[in-house]
Amino acid sequence: MDILGLKIKKIRELKNINQKYIAEQLGISQSVYSDIENGKINVTESRLQQISKILDVTPEIIKSFSDSVWFNNCTQSGYNNIYHLNPHAVEELIHTLSEELKTLRKERELFIGILEKYLKDIK
């Protein structure tokens, strides 16, 4: 197996991205993308640039990626080291959770209104 393909696969899995999504972004079939990860197709520099952009990492990070170093750093510190988090992904998560919280607050207020109306009607 091509080492670069394996590194791409591990980073993709750590970021919880499926092959289908990356294949769609690259404009290729999922089976062709799978062949890239499995070393059946060599990764050109331009393809590496495309994949790194989708994974939101630099090509250098992919080339130098070592899962044993990543996991050892996290395990030894006793938690997921925040320095390994993608700041853009964290901002996106905060935004998503904030929007969900706003929706929940609106639904709560609506529910309270319904209950208050119901209590008035049964009195």
Side-chain angles (χ1 to χ4, degrees):
M1 176 182 279
D2 178 44
I3 302 276
L4 189 57
L6 181 60
K7 290 179 179 189
I8 291 168
K9 178 180 180 177
K10 289 185 176 187
I11 292 171
R12 175 186 59 76
E13 289 174 342
L14 283 170
K15 290 181 165 275
N16 199 25
I17 299 172
N18 62 41
Q19 285 186 341
K20 182 180 177 187
Y21 174 78
I22 294 185
E24 288 172 353
Q25 297 301 306
L26 294 173
I28 59 177
S29 70
Q30 184 176 346
S31 63
V32 170
Y33 179 75
S34 177
D35 287 346
I36 290 171
E37 286 188 353
N38 291 317
K40 295 176 182 175
I41 297 175
N42 288 330
V43 181
T44 64
E45 193 62 37
S46 64
R47 182 65 81 190
L48 180 61
Q49 291 284 338
Q50 293 171 320
I51 293 170
S52 67
K53 186 174 181 179
I54 296 166
L55 293 174
D56 197 25
V57 296
T58 65
E60 291 73 29
I61 287 176
I62 294 175
K63 290 176 184 177
S64 65
F65 179 77
S66 169
D67 58 347
S68 62
V69 170
W70 195 91
F71 287 116
N72 283 341
N73 285 342
C74 294
T75 303
Q76 290 173 4
S77 62
Y79 61 91
N80 276 339
N81 190 332
I82 61 169
Y83 299 109
H84 292 289
L85 297 176
N86 175 340
H88 177 70
V90 172
E91 288 173 8
E92 191 172 309
L93 178 61
I94 290 170
H95 175 73
T96 301
L97 291 174
S98 295
E99 291 302 310
E100 287 179 11
L101 185 57
K102 287 178 190 174
T103 301
L104 287 172
R105 285 181 178 146
K106 287 178 186 175
E107 289 174 354
R108 179 178 152 255
E109 292 303 314
L110 179 63
F111 185 67
I112 289 171
I114 291 170
L115 286 177
E116 288 173 344
K117 183 177 181 332
Y118 174 77
L119 290 174
K120 273 186 182 178
D121 291 346
I122 62 171
K123 285 186 182 181

*Begin from the C-alpha positions of Lys117 and Ile114 and carry the test side chain to side chain contact (heavy atoms under 4.5 Å, CB included) through to its verdict.*
CA-CA 5 Å; Lys117 183 177 181 332; Ile114 291 170; 5.8 Å; no
Does any non-hydrogen side-chain atom of [Y] lie less than 4.5 Å from one of [X]?
X: Lys102; Y: Glu99; answer: yes
X: Lys15; Y: Val57; answer: yes
X: Glu100; Y: Thr103; answer: no

How many angstroms lie between atom [atom1] of [X] and atom [atom2] of [Y], to the nearest 0.5 angstrom?
X: Leu110; Y: Leu115; atom1: CG; atom2: CG; answer: 10.0 Å
X: Ile51; Y: Lys9; atom1: CD1; atom2: NZ; answer: 14.0 Å
X: Leu101; Y: Ile94; atom1: CG; atom2: CD1; answer: 13.0 Å
X: Glu116; Y: Asp121; atom1: CD; atom2: CG; answer: 12.0 Å
X: Leu6; Y: Ile62; atom1: CG; atom2: CD1; answer: 12.5 Å

*asked:* Please evaluate residues Gln50 and Lys53 with respect to the criterion side chain to side chain contact (heavy atoms under 4.5 Å, CB included), reporting the C-alpha separation (whole Å), side-chain torsions for both, the decisive distance (0.1 Å), and the verdict.
replied: CA-CA 5 Å; Gln50 293 171 320; Lys53 186 174 181 179; 5.9 Å; no
*For Ser52 and Thr58, work out which heavy atoms get closest and say how close.*
CB-C, 3.9 Å
*Specify the closest pair of heavy atoms between Phe65 and Lys7, including all atoms of both residues, with the distance to one decimal.*
O-CE, 3.3 Å
*So which of Leu14, Ile17, Ile61 actually passes side chain to side chain contact (heavy atoms under 4.5 Å, CB included) with Leu55?*
Ile17
*Among pairs that include at least one residue of residues 104-115, which meet salt bridge (Lys or Arg N to Asp or Glu O under 4.0 Å), considering only residues two or more places apart or in two chains?*
none
*With Thr44, which residues qualify under side chain to side chain donor-acceptor pair (under 3.5 Å), at least two apart?*
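With neighbours one apart ignored, the set is Ser46.
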*Asn16 CG: over 12 foreign heavy atoms closer than 6.0 Å*: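 Not more than 12 within 6.0 Å, no.
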Between side-chain atoms of residues 20-33 and protein atoms elsewhere (two or more places apart, or another chain), which donor-acceptor pairs fall under 3.5 Å?
from, atom 1, to, atom 2, distance (Å)
Ser29, OG, Ser31, OG, 3.1
Ser29, OG, Val32, N, 3.1
Tyr33, OH, Glu37, OE2, 2.7

*In sequence, state the C-alpha distance, the side-chain angles, and the governing distance for Lys63 and Leu48, and then conclude on side chain to side chain contact (heavy atoms under 4.5 Å, CB included).*
CA-CA 9 Å; Lys63 290 176 184 177; Leu48 180 61; 3.3 Å; yes
